[in-house]
Amino acid sequence: MKNIIFLAPPAAGKGTLSEMLQEKYGYGHISTGDLLREEVKKGSLLGKEAESLMKAGKFVPDELILKLIKNRIVKPDCNNGYILDGFPRTIVQAEKYDELLKELNKDLGVVIYIEIDKEMAMRRACSRITCPKCGRIYNKYSNEMKPKKEGICDDCGEKLIQRADDSEETFNKRFDEYIEKTMPLYDYYKKKGVLKTIKAYESKYDTFDEAIKVIEE
Ligand code: AMP
């Protein structure tokens with residue numbers, strides 16, 4: 001099974017696609033954003049360090065992220081393939097990740113770049129609601145993404161929330177971080193010959209179909 005890395009701006013649909021692919025292929029789903037939010041909720045040292053940066057739309061230091069990844073990637077649900085949703089986000093993370101793969105004798109797999117314009121991503125971020133318990137992602141204004149019962153998670157009955165960093169102002173900062181620090185990964189992975197591009201459609205099912213095509217080709 002091919003491991004998958006998603007490379008895309010905030011709110012491009014990485015989390016939603018990851019959930020769909022996890023269900024189809026039984027892959028492990030590693031969202032560094034979710035791992036960090038768990039640490040914040042627990043009030044751990046790492047969580048305390050990450051919280052203010054996340055609220056400001058800034059990246060969390062590479063060493064902290066790499067520590068999270070190293071612990072997560074060796075869990076049994078990742079043995080048959082996994083999806084990286086939100087990692088790597090900097091060249092340093094990508095280089096350290098290459099070293100880690102060598103150490104663990106694992107394959108890089110495929111890197112999927114999701115093409116989306118800033119306006120569409122912003123619209124999605126500002127109307128996104130998530131389950132604080134299971135992490136499932138919803139959208140208030142999309143027929144196919146809204147919960148069955150308003151404000152309540154279909155899966156665990158928890159009250160849905162808007163993420164602290166999904167405001168218009170923080171979205172702009174996150175987008176700037178993405179352009180400056182993450183976009184260079186496009187060339188990094190293109191040179192390695194592992195990069196595939198898909199488009200973000202209005203319907204998650206159309207985007208999912210494109211993702212399946214590039215994973216299975
Ligand atoms: P996400 O849920 O992927 O949108 O991530 C939410 C926030 O967590 C980001 O805006 C960053 O502050 C932080 N974060 C998540 N993944 C990373 C990463 N790989 N490197 C640095 N910061 C990260």
Side-chain angles (χ1 to χ4, degrees), residues 3-19 21-22 28-42 44 46-73 82-101 108 111-114 116 118 120-139 160-186 188-189 200:
N3 296 324
I4 298 164
I5 293 176
F6 278 119
L7 184 61
K14 300 188 286 289
T16 301
L17 272 181
S18 299
E19 284 170 6
L21 291 169
Q22 182 183 30
H29 174 199
I30 306 178
S31 155
T32 39
D34 284 350
L35 292 174
L36 289 167
R37 282 183 284 276
E38 267 167 42
E39 295 296 325
V40 171
K41 214 156 87 182
K42 279 196 286 191
S44 69
L46 194 155
K48 287 197 176 109
E49 198 170 339
E51 189 173 17
S52 53
L53 290 166
M54 291 169 81
K55 272 201 186 132
K58 296 274 177 204
F59 282 176
V60 170
D62 292 331
E63 317 85 70
L64 297 188
I65 298 290
L66 285 154
K67 217 193 273 171
L68 285 176
I69 287 289
K70 273 187 188 164
N71 291 334
R72 182 64 185 86
I73 210 175
Y82 53 87
I83 305 158
L84 287 174
D85 160 9
F87 174 90
R89 259 177 155 112
T90 63
I91 292 281
V92 170
Q93 289 179 19
E95 287 171 348
K96 294 278 178 204
Y97 179 57
D98 283 343
E99 288 170 18
L100 183 64
L101 288 174
L108 181 64
V111 179
I112 303 180
Y113 169 67
I114 310 175
I116 183 167
K118 188 176 173 185
M120 187 174 177
M122 160 98 84
R123 198 166 15 94
R124 286 184 176 185
C126 294
S127 53
R128 172 161 67 179
I129 39 177
T130 56
C131 175
K133 195 168 168 196
C134 71
R136 186 163 163 189
I137 301 152
Y138 298 88
N139 190 298
L160 300 172
I161 55 157
Q162 182 173 36
R163 274 172 42 178
D165 57 354
D166 271 345
S167 65
E168 191 172 324
E169 192 193 344
T170 312
F171 174 86
N172 278 320
K173 293 195 181 123
R174 289 162 66 204
F175 199 87
D176 291 346
E177 283 277 87
Y178 165 77
I179 295 292
E180 185 196 337
K181 296 179 182 157
T182 309
M183 233 8 233
L185 291 179
Y186 181 92
Y188 183 87
Y189 286 123

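First listed ligand is number 1; within each ligand, the first listed atom is number 1.
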Region of Ile65 engaging ligand 1 - heavy atom pairs below 4.0 Å:
side chain
If every non-hydrogen atom of Ala12 is compared with every non-hydrogen atom of Ala200, which pair is closest and at what distance?
O-CB, 4.0 Å
Heavy-atom distances under 4.0 Å decide this one: backbone, side chain, both or neither, for Asp85 against ligand 1?
neither
For atom 22 (N) of ligand 1, the closest protein heavy atom turns out to be Val60 N, 3.1 Å
Could you pull out, from Met54, Arg89, Arg174, the option with a heavy atom nearest to atom 5 (O) of ligand 1?
Arg89
Determine, for Lys42 against Glu38, whether the closest basic-nitrogen to carboxylate-oxygen distance falls under 4.0 angstrom.
no
Asp165: numbered ligand 1 atoms lying under 4.0 Å from its heavy atoms
6 (C)
Any atoms of ligand 1 less than 4.0 Å from a non-hydrogen atom of Thr32? List them with their elements.
15 (C), 16 (N), 17 (C), 19 (N)
Any Lys/Arg nitrogen of Lys173 or Glu177 sitting under 4.0 Å from an Asp/Glu carboxylate oxygen of the other?
no
If you compare all heavy atoms of Asn139 against all heavy atoms of Arg124, which two are closest, and at what distance to 0.1 Å?
ND2-O, 3.7 Å
Closest approach of Ile137 to Glu19 (non-hydrogen atoms, all atoms of both residues):
N-OE2, 3.4 Å
Could you check atom 12 (O) of ligand 1 against the protein and tell me its nearest heavy-atom contact, residue, atom and distance included?
Lys58 O, 2.7 Å
Just need the protein heavy atom nearest to atom 20 (N) of ligand 1, so name the residue and atom and give the distance.
Gln93 NE2, 2.9 Å
Within a distance under 4.0 Å of any heavy atom of Arg37, pick out the atoms of ligand 1 and give their elements.
2 (O), 6 (C)
for atom 14 (N) of ligand 1, nearest protein heavy atom and its distance come out as Leu36 CD1, 3.4 Å
May I ask which of Glu177, Arg163, Lys181, Lys14 has a heavy atom nearer to atom 4 (O) of ligand 1 than the others do?
Arg163
Pair Asp165 + Arg174: basic N to acidic O under 4.0 Å:
yes
Do Ile65 and Leu35 touch side chain to side chain, with heavy atoms closer than 4.5 Å?
no
Heavy-atom closest pair, residues Pro88 and Thr182
O-CG2, 4.5 Å
For atom 19 (N) of ligand 1, grab the closest protein heavy atom and report residue, atom and distance to one decimal in Å.
Gly86 O, 2.9 Å
